[in-house]
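Data first, discussion second: the structure below is written as structure tokens.
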Amino acid sequence: MSVKTFESKECIYCSGKGYFQLILGGSETCACCGGSGKKKD
């Protein structure tokens, strides 16, 4: 299935990306979801 459905399953801190884009360049793994982009229950 290619259709993505977001039923509040994506991590709210990184918007489901799994990482944060840093202002100075580069990226940092989202500590909340561990880089998975999904919200932990």
Side-chain angles (χ1 to χ4, degrees):
M1 290 221 196
S2 59
V3 180
K4 286 186 177 180
T5 55
F6 295 114
E7 309 154 7
S8 75
K9 285 180 183 168
E10 68 178 21
C11 180
I12 59 173
Y13 296 101
C14 63
S15 302
K17 290 201 275 283
Y19 63 90
F20 293 108
Q21 201 69 41
L22 299 178
I23 298 165
L24 298 174
S27 61
E28 184 177 299
T29 303
C30 179
C32 183
C33 64
S36 70
K38 292 191 164 59
K39 199 192 325 188
K40 289 181 180 172
D41 291 326

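For the atom pair Lys38 NZ and Cys32 SG, the distance stands at 14.0 Å (nearest 0.5 Å).
Side chain of Glu28 to backbone of Tyr19: no donor-acceptor contact under 3.5 angstrom is found.
At least one side-chain heavy atom of Cys30 sits under 4.5 Å from a side-chain heavy atom of Phe20.
Scanning all heavy atoms of the two residues, the minimum distance from Cys14 to Gly37 falls at SG-CA, 4.2 Å.
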